[in-house]
Amino acid sequence: MAAELTSTRLNAENHLLLDQPLLRLPHELARRNFKSVQRLVEREREHVLPALKETASASMSNAREPDHAIATLDAMILRMRSLKRKMEILQQEEKMIHEQSKKRIQHLESLHQIPSLADVKYDQWSRVRLDRLIVDHMLRSGYLESAQQLAHEKGIEGLVDLNVFVQCQRIAESLRRGETKDALQWCGENKAALKKSQYNLEFELRLQQYIELIRSGDKKKFVDAMMHAKKYLAPYKETQSTEIHRAAGLLAFPRDTKAEPYKSIYSLERWNRLSDLFIRTHHELLSLSSRPLLHIALSAGLSALKTPSCHSAYTSPSSNSLSTTTSVCPICSTELNELARNMPYAHHTKSYVESDPIVLPNGRIYGQQRLTEMSEKVGCVASGKVKDPTTGEVFDESEMKKVYIM
């Protein structure tokens with residue numbers, strides 16, 4: 001009885017290992033929002049305080065001509081009103097982040113109130129988490145409208161990152177179309193954070209702009225390309241010297257060149273690589289997992305079930321018309337087979353084998369009694385033959401060989 005209670009006891013901390021991004025992202029968004037407020041205040045302070053001091057001094061020394069002072073004060077008032085509007089927008093964003101964080105904390109806290117895996121409340125909580133994982137997978141796959149609809153129907157908008165992924169996919173799509181404006185704007189907004197990134201997104205975007213100027217073949221644009229390189233590429237000469245030298249070599253090669261590496265640099269496939277690079281950089285800055293959370297959750301279960309036979313040369317029972325078995329192994333299924341391919345095999349401390357193992361000519365091993373029973377069902381034993389339940393091959397009983405486990 002004690003063992004049964006132990007096996008069904010809910011360990012909330014282990015469950016929450018998968019849900020760390022649920023709280024990490026709002027924290028990152030709140031931090032970025034605070035940094036935006038800080039930048040706005042500092043920028044306006046640097047402009048307003050000196051202007052105010054200068055206006056006060058001018059008004060005291062030239063009291064008979066107040067018009068200039070009044071105009072300056074009006075300009076400062078306009079700047080302060082603009083600052084107020086921007087601060088109000090950021091305040092609304094901050095409120096939304098706090099509300100989102102509150103909902104997520106409540107969702108995770110409810111797990112600590114569930115004592116057992118057998119509790120019906122745990123089934124309800126698990127269903128909500130599954131819905132979250134599905135929405136996350138759909139967002140990462142680009143099915144934005146479907147993800148939004150599912151989140152709305154399930155009432156979990158506060159538990160998923162719709163706006164974040166919508167913005168990410170919008171910029172990624174613009175790069176696939178050959179546009180760098182949105183991505184460069186994003187880089188400008190996150191300039192400080194990008195300095196710590198392991199990816200060189202801004203450099204690659206500037207390099208692509210340079211490539212497009214050269215691709216045009218217009219000699220006048222070559223001058224623009226050189227000016228562009230001097231302004232945007234030269235600052236990276238210490239870390240990206242090889243790429244900069246290759247970029248300079250483009251001036252001597254036409255866009256239809258067959259010479260490498262210039263052919264690859266001119267390739268339009270670079271836009272897709274830029275899009276993928278942006279997504280990796282975006283996820284890194286916001287502490288998002290590079291893989292869908294659904295894949296991570298599935299990986300644990302897949303590894304627990306996986307055996308060497310799941311990726312053998314023989315087709316799975318689900319797709320083999322000659323197979324006599326009807327059960328479908330999740331790992332062998334066409335939906336999960338590829339996902340499980342790189343997963344480690346299940347770790348078993350004990351081996352479980354048939355008590356009367358035999359080997360068939362094709363190298364497959366079965367229990368003799370079990371194999372005979374299955375062959376009887378398909379009418380093979382009467383003719384002195386047995387049928388491999390996996391491959392559908394038929395062999396004489398005399399071809400079976402006894403196996404001895406050492």
Side-chain angles (χ1 to χ4, degrees), residues 9-35 93-117 119 121-144 147-148 150-151 154-169 172 190 192-194 196-199 276 278-304 336 339-340 342-344:
R9 185 177 301 160
L10 176 62
N11 188 329
E13 297 301 324
N14 288 342
H15 279 66
L16 296 181
L17 290 175
L18 183 64
D19 296 302
Q20 292 180 14
L22 199 64
L23 296 180
R24 191 179 299 155
L25 179 61
H27 171 74
E28 289 295 330
L29 294 177
R31 185 181 62 81
R32 289 177 56 188
N33 186 275
F34 174 76
K35 291 292 184 181
E93 291 181 3
E94 186 176 4
K95 286 182 178 178
M96 291 175 60
I97 293 171
H98 288 170
E99 291 175 0
Q100 190 181 57
S101 297
K102 182 179 179 180
K103 291 180 180 179
R104 297 184 177 200
I105 291 172
Q106 290 173 345
H107 170 67
L108 298 179
E109 181 64 26
S110 65
L111 185 64
H112 289 78
Q113 310 303 322
I114 303 173
S116 170
L117 295 171
D119 196 309
K121 292 182 179 179
Y122 177 72
D123 290 339
Q124 297 171 353
W125 190 91
S126 298
R127 172 56 60 180
V128 173
R129 180 168 69 171
L130 178 59
D131 291 334
R132 286 197 298 105
L133 298 183
I134 293 175
V135 171
D136 174 82
H137 185 271
M138 295 171 74
L139 288 170
R140 291 171 183 265
S141 302
Y143 303 109
L144 304 181
Q148 290 172 337
L150 177 60
K154 299 296 183 179
I156 57 173
E157 292 97 330
L159 303 180
V160 293
D161 309 308
L162 293 173
N163 294 334
V164 170
F165 281 103
V166 166
Q167 181 197 39
C168 177
Q169 290 294 336
N190 299 274
L194 284 173
K196 302 177 182 179
S197 174
Q198 61 176 315
Y199 305 112
D276 294 338
F278 166 75
I279 292 175
R280 290 197 299 271
T281 306
H282 175 272
H283 291 359
E284 179 194 42
L285 261 59
L286 294 181
S287 299
L288 291 169
S289 169
S290 58
R291 298 174 59 200
L293 296 178
L294 183 62
H295 286 188
I296 297 175
L298 283 172
S299 297
L302 294 176
S303 181
L336 299 177
L339 180 62
N342 295 324
M343 292 294 105

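Because the structure is a prediction, the values reported are computed rather than measured. These values consider heavy atoms only, across backbone and side chains, with no hydrogens, waters or symmetry-generated copies.
Partners of R104 under the salt bridge (charged side-chain N to carboxylate O under 4.0 Å, His left out) rule, at least two apart in sequence or in another chain, are D161.
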Inset, instruction - Carefully, step by step, assess C168 and H283 under the rule side-chain contact (heavy atoms from CB on, under 4.5 Å). - result: CA-CA 9 Å; C168 177; H283 291 359; 4.1 Å; yes

Inset, instruction - Show your reasoning for whether salt bridge (Lys or Arg N to Asp or Glu O under 4.0 Å) applies to R31 and E28. - result: CA-CA 5 Å; R31 185 181 62 81; E28 289 295 330; 2.9 Å; yes

Legend entry - Full working for side-chain contact (heavy atoms from CB on, under 4.5 Å) between R140 and I279: CA-CA 10 Å; R140 291 171 183 265; I279 292 175; over 6 Å; no

Inset, instruction - Run the numbers on I134 and M138 for side-chain contact (heavy atoms from CB on, under 4.5 Å), then give the verdict. - result: CA-CA 6 Å; I134 293 175; M138 295 171 74; 3.8 Å; yes

Inset, instruction - Applying side-chain contact (heavy atoms from CB on, under 4.5 Å), run through L294 and D136 and close with a yes or a no. - result: CA-CA 8 Å; L294 183 62; D136 174 82; 5.9 Å; no

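Between H137 and P292 the shortest heavy-atom distance is CD2-CB, 3.8 Å. The minimum heavy-atom distance linking L117 with Y122 is given by the pair O-CD2, 3.5 Å. Heavy-atom minimum distance, G158 versus Q100: O-CG, 3.1 Å. Of all the heavy atoms in A147 and L139, the pair that sits closest is CB-CD2, 3.6 Å. Across all non-hydrogen atoms, the minimal contact from V164 to L25 is CG2-CD2, 4.1 Å. In terms of heavy-atom proximity, L162 sits nearest to A151 at CD1-CB, 4.3 Å.
Of the inter-residue distances, the one linking L286 atom CG with T281 atom OG1 reads 11.0 Å to the nearest 0.5 angstrom. Atom CG of residue L108 and atom OG of residue S110 lie 7.5 Å apart, to the nearest 0.5 angstrom. Distance check: I156 CD1 to R129 CZ gives 13.0 Å after rounding to the nearest 0.5 Å. How far CG of N33 is from NZ of K95: 12.5 Å, rounded to the nearest 0.5 Å. Rounded to the nearest 0.5 Å, atoms NZ (K102) and CD (E99) are 8.5 Å apart. Considering CD1 of I97 and CG of L29, their distance stands at 5.0 Å, rounded to 0.5 Å.
Environment of OH in Y143: sparse, with no more than 12 heavy atoms of neighbouring residues, nucleotides or ligands closer than 6.0 Å. More than 12 heavy-atom neighbours from other residues, nucleotides or ligands sit within 6.0 angstrom of CG on D276. Heavy-atom contacts from other residues, nucleotides or ligands closer than 6.0 Å to CZ of R127 number 12 or fewer.
Ring geometry, H282 versus F278: the interplanar angle falls from 30° to 60°, so the pair is classed tilted. Using bins of under 30°, 30° to 60° and over 60° for the plane-to-plane angle, the ring pair W125/H107 lands in the parallel bin.
Put simply, the side chain of L22 reaches to within 4.5 Å of the side chain of R132, judged on heavy atoms.
Side-chain N or O atoms of S197 include one that pairs as donor or acceptor with a backbone N or O of Y199 at under 3.5 Å.
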